[in-house]
Every structure is written in structure tokens, then in C-alpha cells.
Amino acid sequence: MEQLTLYTITSCIECGKIKSYLNKKKIPFEEINLFEQPNKQQELLNYTGDSIVPTIIHMGKVLEIGDL
């Protein structure tokens with residue numbers, strides 16, 4: 001599986017749960033924290049039309065946890 005991109009924000013409980021899940025399953029991912037990289041917010045909006053986190057992107061598509 002190609003690396004996933006995970007959009008998060010600081011202190012998001014659900015974001016932490018997803019990161020723990022991915023690490024436990026040894027699924028590589030790139031984390032984009034929108035508080036630390038606010039310039040990436042438009043990128044997330046292009047995928048989802050909203051700023052909802054956590055959001056997982058794989059090969060240009062939004063994934064649900066069940067897709068992993």
C-alpha cells in the first residue's frame with residue numbers, strides 16, 4: 001500500500017486514535033498537522049470540501065478506517 005496522508009490538528013482525540021491505529025498496524029503515513037502547516041488547509045478542502053479532521057487520503061481519495 002502506498003503511504004497514506006493523515007490530516008490532523010493538535011490535541012484532537014480522534015486524530016490521536018487514528019495515529020495509534022496506523023502505528024499499531026504498521027501502516028506508514030505522512031501526518032499533516034493543520035495547526036503547524038496552515039497552508040495545507042486548502043489542500044484538504046480540495047479533497048473533502050470541508051476542514052474535517054482526522055482525514056485520511058490515499059491515492060487522491062478520502063478513506064474511512066474500514067478501508068485500511
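Atoms considered below: every heavy atom in the structure, side chains included; atoms not considered: hydrogens, waters and symmetry mates. Everything numeric here is computed off the predicted structure, so don't read it as measured data.
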For [X], side-chain hydrogen bond (donor to acceptor under 3.5 Å, both in side chains) partners two or more places apart:
| X | result |
| --- | --- |
| T10 | N33 |
| N23 | none |
| N46 | Q42 |
| E36 | none |

From [X] atom [atom1] to [Y] atom [atom2], the distance as rounded to the nearest 0.5 Å:
| X | Y | atom1 | atom2 | answer |
| --- | --- | --- | --- | --- |
| L4 | T55 | CG | OG1 | 12.5 Å |
| L45 | S51 | CG | OG | 4.0 Å |
| T5 | M59 | OG1 | CE | 12.0 Å |

Taking all non-hydrogen atoms of both residues, which atom of [X] and which atom of [Y] are closest, and how far apart?
| X | Y | value |
| --- | --- | --- |
| I52 | L44 | O-CD2, 3.9 Å |
| I18 | P54 | CG1-CG, 3.8 Å |
| P28 | Q3 | O-CG, 3.7 Å |

Q | Partners passing side-chain contact (heavy atoms from CB on, under 4.5 Å) against Y47 (at least two apart in sequence or in another chain) | A |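 Result, side-chain contact (heavy atoms from CB on, under 4.5 Å) vs Y47: Y7, E43, I57, V62.
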Q | Contacts of type side-chain contact (heavy atoms from CB on, under 4.5 Å), residue K61, not counting sequence neighbours | A |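 Residues passing side-chain contact (heavy atoms from CB on, under 4.5 Å) with K61: none at all.
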Q: Please check if L6 and Y21 belong to a single hydrophobic cluster, counting links between Ile, Leu, Val, Met, Phe, Trp and Tyr side chain heavy atoms closer than 4.5 Å.
A: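 Yes; tracing contacts between hydrophobic side chains, which count when under 4.5 Å, links both residues.
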Q) Can you list every pair that meets salt bridge (Lys or Arg N to Asp or Glu O under 4.0 Å) and has a residue in residues 6-17, with sequence neighbours left out? A)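 For residues 6-17, and leaving out neighbouring residues, the salt bridge (Lys or Arg N to Asp or Glu O under 4.0 Å) pairs sorted by first residue read E14-K17.
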Q: Scan for salt bridge (Lys or Arg N to Asp or Glu O under 4.0 Å) pairs involving residues 24-35, sequence neighbours excluded, and state none if there are none.
A: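 Output for this query lists K19-E31.
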